[in-house]
Amino acid sequence: MCWWAFTGLINLIFEGYFVFSPEYFKDKTGFFLAEVWKEYNKADPRYAGRDAEVVTIKGLTAILEGPASLLAVYATATRKSYSYILQFAISLGHLYRIAVYYIAAILEGDNFSASSFYYYAYYIGANASWIVIPSIVAIRYGRKICATFRVQGGQTKKPKVR
């Protein structure tokens, strides 16, 4: 549940701020969220340039995945029947988003970080959790969902793969 609360709040607050504050990089007040994005720009300046792919992906993340992640907290805490499928779907969304994010960067040359520190610490390191954790969740809950269908279908053992 902690992961879902963390990622939901990050998606709603941080990424929502980026999407709905297009001129954050001009902020001179020292507002925390603006400063976070200014710092992250050192790893990926596509943010300051309002790259259409980045804004679109972050917008969908803030609007869909943020609230869905918080719904996953509720669903897990109250043991709702849709908990597994919701977490599976959100995880696939995270994996899709991160794949589009990195593939677009590779297609654009992937050489825009201010230094290798920013590249590895921010661009790779800060995003690694959204690869590792959703992968684990998708595998875990994908297996649980398949097991449920096997039981409902009267099949108690895994089918043999040829």
- Query: Where do Ser91 and Gln87 land on the side-chain hydrogen bond (donor to acceptor under 3.5 Å, both in side chains) test, with the steps shown first?
  - Reply: CA-CA 6 Å; Ser91 294; Gln87 292 177 61; over 6 Å; no
- Message: For a side-chain contact (heavy atoms from CB on, under 4.5 Å) check, start with the C-alpha distance between Asp51 and Glu108, then their side-chain angles and the critical distance, and finish with the verdict.
- Response: CA-CA 11 Å; Asp51 179 81; Glu108 293 174 7; 3.8 Å; yes
- Would Asn41 and Tyr24 count as a side-chain contact (heavy atoms from CB on, under 4.5 Å) if you check the C-alpha gap in whole Å, the side-chain angles of each, and the deciding distance to 0.1 Å? CA-CA 11 Å; Asn41 283 328; Tyr24 69 89; 3.1 Å; yes
- Task: Could you walk me through whether Ile63 and Phe20 pass side-chain contact (heavy atoms from CB on, under 4.5 Å), step by step?
- Result: CA-CA 11 Å; Ile63 292 168; Phe20 297 110; 4.0 Å; yes
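By the 4.5 Å heavy-atom criterion applied to side chains, Glu39 and Glu35 are not counted as neighbours. With a 4.5 Å cut-off on side-chain heavy atoms, Pro134 and Arg97 do not count as touching. With contacts defined as side-chain heavy-atom distances shorter than 4.5 Å, the pair Trp37/Glu15 qualifies. Counting only heavy atoms from C-beta outward, the side chains of Arg46 and Glu53 approach each other to under 4.5 Å. The closest side-chain heavy-atom distance from Trp130 to Thr7 is below 4.5 Å. Side-chain atoms of Ile136 and Trp3, non-hydrogen and from C-beta on, never get closer than 4.5 Å to each other. A heavy-atom distance below 4.5 Å is found between the side chains of Tyr82 and Leu71. Tyr141 is not listed as a side-chain neighbour of Ile90, based on a closest heavy-atom distance of 4.5 Å or more.
Atom OG1 of residue Thr61 and atom CZ of residue Phe14 lie 15.0 Å apart, to the nearest 0.5 angstrom. Taken from CG in Asn11 to CG in Leu64, the straight-line distance is 10.0 Å, to the nearest 0.5 Å.
Residues Tyr118 and Phe112 place their aromatic rings such that the two centres sit no closer than 6.0 Å. For Phe31 and Tyr17, the ring centers are positioned less than 6.0 Å apart.
Judged by distance alone, the side chains of Tyr102 and Asp110 never bring a donor and an acceptor atom under 3.5 Å apart.
The shortest heavy-atom contact between Asn127 and Tyr40 is ND2-OH, 2.9 Å. Looking at every heavy atom in both residues, Ser135 comes nearest to Ile131 through OG-O, 2.6 Å. The nearest pair of heavy atoms linking Ser113 to Ala43 is OG-O, 2.6 Å. Leu86 and Ala75 get closest at one heavy-atom pair: CD2-CB, 4.4 Å. Residues Leu92 and Ala138 share a closest heavy-atom pair of CD2-CB, 4.4 Å. Nearest approach of Asp27 to Ala34, heavy atoms of both residues: CB-CB, 3.8 Å.
The closest donor-acceptor contact from the side chain of Lys42 to the backbone of Tyr122 lies at 3.5 Å or more, if one exists at all. Of the possible donor and acceptor atoms, one in the side chain of Arg50 sits under 3.5 Å from a partner among the backbone N and O of Val19.
Linking ILVMFWY side-chain heavy atoms closer than 4.5 Å, directly or via other members, places Trp4 and Ile13 in a single hydrophobic cluster. Residues Ile85 and Ile139 are members of separate hydrophobic clusters, defined by side-chain heavy-atom contacts under 4.5 angstrom among Ile, Leu, Val, Met, Phe, Trp and Tyr. Side-chain heavy atoms closer than 4.5 Å link hydrophobic residues (I, L, V, M, F, W, Y) into clusters, and following such links, even through other members, never connects Val54 to Tyr96. Clustering ILVMFWY residues whenever any of their side-chain heavy atoms sit less than 4.5 angstrom apart, transitively, puts Leu70 in the very cluster that holds Ile133. Ile57 and Ile124 are assigned to two separate hydrophobic clusters, defined by single-linkage of ILVMFWY side chains at heavy-atom distances under 4.5 Å.
The cationic group of Lys58 lies under 6.0 Å from the six-membered ring centre of Tyr101 and within 45° of the ring axis, placing it in a cation-pi geometry.
Applying the ring-ring contact (aromatic ring centres under 6.0 Å, His included) rule to Tyr120 yields no partners; only residues at least two apart in sequence or on another chain are considered. Annotation: ring-ring contact (aromatic ring centres under 6.0 Å, His included) contacts of Phe25 (sequence neighbours excluded): none.
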